[in-house]
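Below: the structure, in structure tokens.
In what follows, chains are A, B, ... by sequence order, proteins preceding strands, each numbered from 1. Computed from a prediction, not measured in an experiment: that's the story for all the values here.
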Protein chains: 2
Amino acid sequence: MDDIDQAIIRCVLRNARATYAEIGKAAGLSPSAAKRRLDRLVATGAIRGFSALVDPQAMAWHTEAFVEVYCAGNPTPAELGKALEDIPEVVEACTVSGAADAMLYMLARDIPHLEQAIQRVRSTAPVERTESAIVLSRLLTRPRGREGALSSKA
Amino acid sequence: MDDIDQAIIRCVLRNARATYAEIGKAAGLSPSAAKRRLDRLVATGAIRGFSALVDPQAMAWHTEAFVEVYCAGNPTPAELGKALEDIPEVVEACTVSGAADAMLYMLARDIPHLEQAIQRVRSTAPVERTESAIVLSRLLTRPRGREGALSSKA
DNA sequence: TTTGAAATGGATTAGAG
DNA sequence: CTCTAATCCATTTCAAA
């Protein structure tokens with residue numbers, strides 16, 4: 001992880017669909033070298049993947065919920081993640097300490113849509129039981145600076 | 001915004017670097033039709049951009065927790081928000097349905113730091129009891145469009 | 001070990017139907 | 001929306017620093 005990798009990450013954070021030529025230009029590399037480094041960043045796990053930034057307003061999804069998931073058996077985190085990946089209503093998912101196996105943060109159009117999405121979670125993953133806390137009002141949201149740690153330029 | 005657009009969004013949420021051929025296959029469309037729809041979704045703002053998912057390990061603070069807050073009496077959401085505002089470790093806070101009054105998402109350097117921050121929550125706000133679920137591993141994180149990335153394509 | 005350059009196979013994109 | 005065709009890009013290979 002050097003300055004070139006950081007430049008690549010910054011570029012691809014700004015636009016995940018950038019071509020290797022664009023990535024290379026941002027990092028001062030040829031397209032083939034840029035591809036090699038990007039592939040390595042993905043392979044080593046520094047980059048977990050690439051996703052679209054969907055406007056929740058455009059989809060009119062404004063029903064939020066925290067969902068505790070209690071699993072049947074003990075599926076691996078990887079299995080759980082794979083199963084949840086196809087459910088776009090699941091915005092975040094973590095395994096957690098305590099009684100529940102996982103905590104989901106879900107976003108849906110409305111209550112029926114949320115209910116349907118939770119049903120989909122229950123049928124897709126080896127889930128025994130879920131416990132939902134629907135968000136009533138948002139008290140505060142602080143920017144998390146996920147990319148902040150990487151944006152320190154040399 | 002129909003089922004085809006939804007399928008395109010699902011595909012590109014899963015992998016923003018998918019080719020138009022892959023997107024089209026996921027949506028039952030030809031590559032050129034897939035490109036036209038995706039371009040339109042970006043142009044209308046339904047998709048704000050495409051970004052990489054960087055390993056949170058790169059962050060300085062990498063201990064996360066979901067904290068359920070049970071209040072003494074019934075403070076207003078405004079009072080709660082005001083009390084939590086001064087605690088930087090509280091990244092998100094919502095009032096929720098169910099037994100708990102509020103759900104916090106907290107971010108700290110490590111477990112001692114998290115414990116100290118929770119103590120601070122308990123002493124600052126009229127909190128009766130808290131129940132914490134520390135994040136063990138992150139299964140998936142979808143950007144919520146807060147990062148404000150913009151495609152550089154014309 | 002990592003880069004840059006060339007070649008080819010496949011993807012992207014505009015235009016026509 | 002599909003099809004077609006021209007262009008552009010991704011990916012591999014290979015030689016060089």
Side-chain angles (χ1 to χ4, degrees), chain A residues 1-55 58-60 81-82 85-86 88 147 149-154, chain B residues 1-55 57-58 140-143 145 147-154:
Chain A
M1 171 68 63
D2 56 8
D3 290 343
I4 294 176
D5 283 333
Q6 297 210 351
I8 289 172
I9 287 174
R10 269 199 308 278
C11 175
V12 93
L13 272 173
R14 215 187 50 197
N15 177 22
R17 288 184 74 77
T19 66
Y20 290 115
E22 291 169 327
I23 297 167
K25 198 168 70 176
L29 252 53
S30 70
S32 54
K35 172 182 163 37
R36 277 206 57 190
R37 310 243 345 189
L38 185 60
D39 285 349
R40 196 184 60 183
L41 286 169
V42 172
T44 59
I47 295 177
R48 300 176 93 100
F50 304 94
S51 188
L53 304 164
V54 176
D55 185 357
M59 298 182 92
K82 196 81 188 296
E85 215 165 54
D86 290 330
E147 62 232 278
L150 295 157
S151 60
S152 48
K153 169 101 193 207
Chain B
M1 172 69 59
D2 56 7
D3 289 343
I4 295 176
D5 282 333
Q6 300 261 354
I8 289 172
I9 286 174
R10 272 180 53 190
C11 175
V12 92
L13 273 172
R14 170 125 79 127
N15 177 21
R17 287 183 73 79
T19 66
Y20 290 116
E22 290 168 328
I23 297 167
K25 198 167 70 175
L29 254 51
S30 68
S32 45
K35 172 184 162 39
R36 193 163 299 148
R37 310 267 301 216
L38 185 61
D39 285 349
R40 198 188 60 184
L41 287 170
V42 172
T44 60
I47 295 177
R48 299 171 87 105
F50 305 93
S51 188
L53 304 168
V54 176
D55 191 338
Q57 207 76 40
L140 71 87
T141 305
R142 264 188 256 273
E147 287 85 351
L150 198 77
S151 172
S152 62
K153 297 204 166 184

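Note that NZ of K82(A) is 12.5 Å distant from CG of L140(B), once rounded to the nearest 0.5 Å.
As rounded to whole Å, 14 Å separates atom C1' of dG10(C) from atom NZ of K25(B). Computed from coordinates, the D5(A) CG to dT2(C) C1' distance equals 12 Å when rounded to whole Å.
Contacts of D2(A) classified as side-chain hydrogen bond (donor to acceptor under 3.5 Å, both in side chains), with partners at least two apart in sequence or in another chain: R37(A). For A16(A), the side-chain contact (heavy atoms from CB on, under 4.5 Å) partners two or more places apart in sequence, or in a different chain, are F50(A), A16(B), F50(B). Take S32(A) and apply the side-chain contact (heavy atoms from CB on, under 4.5 Å) test, not counting sequence neighbours, and it matches S30(A).
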>> Apply side-chain contact (heavy atoms from CB on, under 4.5 Å) to residues I47(A) and L38(A) and explain how you reach the verdict.
In response: CA-CA 8 Å; I47(A) 295 177; L38(A) 185 60; 3.7 Å; yes

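The stretch residues 38-47 of chain B participates, sequence neighbours left out, in these salt bridge (Lys or Arg N to Asp or Glu O under 4.0 Å) pairs: D5(B)-R40(B), K35(B)-D39(B).
Between the R17(B) side chain and the A18(A) main chain, a donor and an acceptor come within less than 3.5 Å of each other. Checked by atom type and distance alone, the side chain of S51(B) pairs as donor or acceptor with a backbone atom of L13(A) at under 3.5 Å.
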> When every nucleotide of nucleotides 3-12 of chain D is labelled 5' to 3' by its protein contacts under 4.0 Å (heavy atoms), B for base, S for sugar-phosphate only, - for none, what sequence of letters results?
Replying inline: B------SSB

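Taking five base pairs at each end of the helix from dT1(C)-dA17(D) to dG17(C)-dC1(D), the local helix axes there meet at an angle of 40°, rounded to 10°.
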